[in-house]
Student: 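Would you mind keeping the following structure in view while I ask a few things?
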Amino acid sequence: MSDCIFCKIVAGEIPAAKVYEDQEVLAFLDITQVTPGHTLVIPKKHFRNLLDLDGQTSTAIFSKIPLIANQLKDKLGANGINLLNNSEEAAGQTVFHTHFHLLPRFDDQDGLAITFATNQPDFDELGRLSQLLQIGE
Ligand code: AMP
Ligand code: ZN
């Protein structure tokens with residue numbers, strides 16, 4: 001995709017601070033550094049987002065994410081890692097080339113808050129959704 005900024009990074013047309021690279025996968029530092037070491041892991045081939053990623057590329061990416069996450073944790077002394085993907089505008093996607101954010105987390109207040117509300121479980125609703133969402137083999 002000629003107008004895709006991440007395809008341009010893959011092609012070497014614009015610079016990136018690379019962390020990992022192989023034939024199918026590239027990881028580089030996010031320019032905004034939400035936490036220190038904030039890294040993006042992308043497929044070299046252009047896919048819009050998680051929703052159209054193919055199986056082979058998913059395997060290539062997810063087989064490398066633990067390696068990259070552990071490198072960030074070990075070298076930066078992080079206490080944990082968040083893995084985040086935004087797919088489509090409703091989810092906050094701004095660059096439409098699939099990417100996974102790896103966010104190193106630090107015990108001493110790194111300024112990032114990702115919280116889930118703790119609601120009372122509705123088991124009837126969970127059962128209904130489970131039926132709706134069944135995927136056969
Ligand atoms: P998202 O909102 O999930 O689409 O995230 C896009 C991310 O790409 C943002 O966190 C940006 O800071 C990052 N970004 C945009 N352009 C570049 C670039 N040239 N190099 C590194 N990161 C970038
Ligand atoms: Zn692209």
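One-based numbering, in listed order, for ligands and for the atoms of each. The figures here come from the full heavy-atom set of this structure, side chains too, leaving out hydrogens, waters and symmetry mates.
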Student: State which residue, out of Ile81, Val34, Thr39, fulfils the side chain to side chain contact (heavy atoms under 4.5 Å, CB included) condition with Pro104.
Tutor: Ile81

Student: Just wondering, more than 12 heavy atoms not from Gln23 lying within 6.0 Å of its CD?
Tutor: no

Student: For Gln134, does the CD atom have more than 12 heavy-atom neighbours from other residues, nucleotides or ligands under 6.0 Å away?
Tutor: yes

Student: Is there a side-chain contact between Arg105 and Ile114 (heavy atoms, below 4.5 Å)?
Tutor: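 The answer is yes; the side chains approach within 4.5 Å.
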
Student: Tell me, please, which residues at least two apart from Phe62 pass ring-ring contact (aromatic ring centres under 6.0 Å, His included).
Tutor: Phe100

Student: Which heavy atom in Phe106 sits nearest to a heavy atom in Ala78, and how many Å separate them?
Tutor: CE2-CA, 3.6 Å

Student: I need the protein N, O or S atoms closer than 2.8 Å to the Zn ion (ligand 2), given as residue plus atom name.
Tutor: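 Near the Zn ion (ligand 2), the protein supplies Cys4 SG, Cys7 SG, His46 ND1, His97 ND1.
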
Student: Above 12 or not: heavy atoms from other molecules or residues under 6.0 Å from NZ of Lys44?
Tutor: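 Enclosed.
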
Student: I need the Arg48 CZ to Gln93 CD distance, nearest 0.5 Å.
Tutor: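 If I round to the nearest 0.5 Å, the distance is 6.0 Å.
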
Student: According to ring-ring contact (aromatic ring centres under 6.0 Å, His included), who are the partners of His46, at least two apart in sequence or on a separate chain?
Tutor: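 Only His97 meet the ring-ring contact (aromatic ring centres under 6.0 Å, His included) criterion with His46.
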
Student: In order of chain and number, which residues sit within 4.0 Å of ligand 1 by heavy atom?
Tutor: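 Only Ile5, Phe6, Ile9, Phe28, Leu29, Asp30, Ile31, Thr32, Leu40, Asn86, Gly92, Gln93, Thr94, Val95, His99, His101 have heavy atoms that fall under 4.0 Å of ligand 1, ordered by chain and number.
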
